Amino acid sequence: MTDADHGSGARRRGRPPRTESAGTRDRILVAAREEFSERGYEKTSVRGIAKAAGVDSALVHHYFGTKEQVFEAAISVAFAPALNAPAAIADGPLDGVGERLTRFIFGIWENPTTRTPLLAIVRSAVNNDAAAAVFRRLIATQLLRRIAGQLDLPDAELRAELAAAQLVGCAMLRYVIKVEPLASADLEQIVRRVAPVVQGHLTGP
């Protein structure tokens, strides 16, 4: 067998063949989200993700790189619904932006389909510095700066961060820590109380 034959018949370990299914990358992402959700960042490994996806671990590295990069790719998909928050701000008068943003964010948390991956993200970020750095970068670049861009006011980024802190804090207590009576309170009651505070952060003096 010639060197050419060896070259044509072999491929680098971890590289997908040309006939590799286009869904392989998505299958890895689905497995990664499930692993991070069930095990948290610390206990999830690239090898475990690969096993769950039915691929070689080198293939995970080929598509995504390090575990931190796999985590970022996985949570970016899970976090996607929240990235529409800037549109919620833009869709209406400025004096109603607090209520629109509050309803939008709590709507994501109230929906079990979107709440489950968010819980996994938050728990991982709270328990691991690397996961927290990824989450912080995603929040800053993909969400807060876009919200600030909708505000034609001084200190727009600080305003956006304070509003986010209010909403994230409430969400943590209600959905993650489940502090009563907040955890069982009627959503409309929460919106009535929280929205004016968010409005104050975004458009107040």
Side-chain angles (χ1 to χ4, degrees), residues 3-87 104-105 108-109 111-149 157 160-161 164-165 167-169 171-172 175-176:
D3 289 343
D5 291 330
H6 282 291
S8 63
R11 65 184 178 92
R12 189 184 306 173
R13 185 174 183 270
R15 295 275 184 177
R18 293 179 182 178
T19 56
E20 184 74 47
S21 168
T24 299
R25 189 178 186 278
D26 291 338
R27 193 165 73 249
I28 293 172
L29 278 179
V30 170
R33 285 196 298 273
E34 291 176 351
E35 288 291 300
F36 285 122
S37 177
E38 293 176 5
R39 302 175 184 276
Y41 186 89
E42 290 281 359
K43 295 182 179 180
T44 296
S45 66
V46 170
R47 182 175 295 180
I49 292 170
K51 182 178 180 181
V55 301
D56 190 279
S57 59
L59 195 59
V60 179
H61 288 298
H62 166 69
Y63 279 119
F64 300 102
T66 64
K67 184 174 89 167
E68 182 176 321
Q69 290 170 314
V70 179
F71 179 72
E72 184 164 6
I75 71 169
S76 292
V77 175
F79 195 68
L83 298 184
N84 291 320
F104 178 83
I105 295 299
I108 293 173
W109 280 101
N111 184 339
T113 302
T114 47
R115 179 172 66 240
T116 299
L118 280 177
L119 285 171
I121 294 170
V122 171
R123 285 167 178 158
S124 293
V126 168
N127 294 320
N128 181 270
D129 289 342
V134 172
F135 187 43
R136 186 165 54 247
R137 184 165 63 248
L138 182 65
I139 288 283
T141 60
Q142 298 295 325
L143 184 60
L144 295 181
R145 288 177 188 170
R146 291 177 58 198
I147 289 177
E157 287 194 14
E161 289 176 3
L167 292 169
V168 171
M172 284 283 290
Y175 303 104
V176 182

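Computed from a predicted structure; not experimentally measured. The chain is numbered in sequence order, starting from 1.
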Query raised in the report: Just wondering, more than 12 heavy atoms not from Arg39 lying within 6.0 Å of its CZ?
Result: no
Query raised in the report: Under 30°, 30 to 60°, or over 60°: which ring-plane class applies to Phe36 and Phe71, parallel, tilted or perpendicular?
Result: perpendicular
Backbone of [Y] reached by a side-chain donor or acceptor of [X] within 3.5 Å:
X     : Y     : value
Thr44 : Glu35 : yes
Lys67 : Tyr41 : yes
Gln69 : Thr66 : yes

Report task. Drop me the distance from Arg47's CZ to Asp56's CG, to the nearest 0.5 angstrom. Result ->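 Between Arg47 CZ and Asp56 CG, I get 9.5 Å after rounding to 0.5 Å.
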Query raised in the report: What distance separates Leu59 CG from Thr24 OG1, expressed to the nearest 0.5 Å?
Result: 6.5 Å
Which atom of [X] lies closest to which atom of [Y], heavy atoms considered:
X      : Y      : answer
Arg27  : Gly54  : NH2-O, 4.4 Å
Ala32  : Val70  : CB-CG1, 3.7 Å
Ala31  : Ile49  : CB-O, 3.8 Å
Trp109 : Arg115 : O-NH1, 2.8 Å
Ala50  : Val60  : CB-CG2, 3.7 Å

Query raised in the report: Between Leu29 and Phe64, is any pair of side-chain heavy atoms under 4.5 Å apart?
Result: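 Counting from C-beta outward, Leu29 and Phe64 do come under 4.5 Å.
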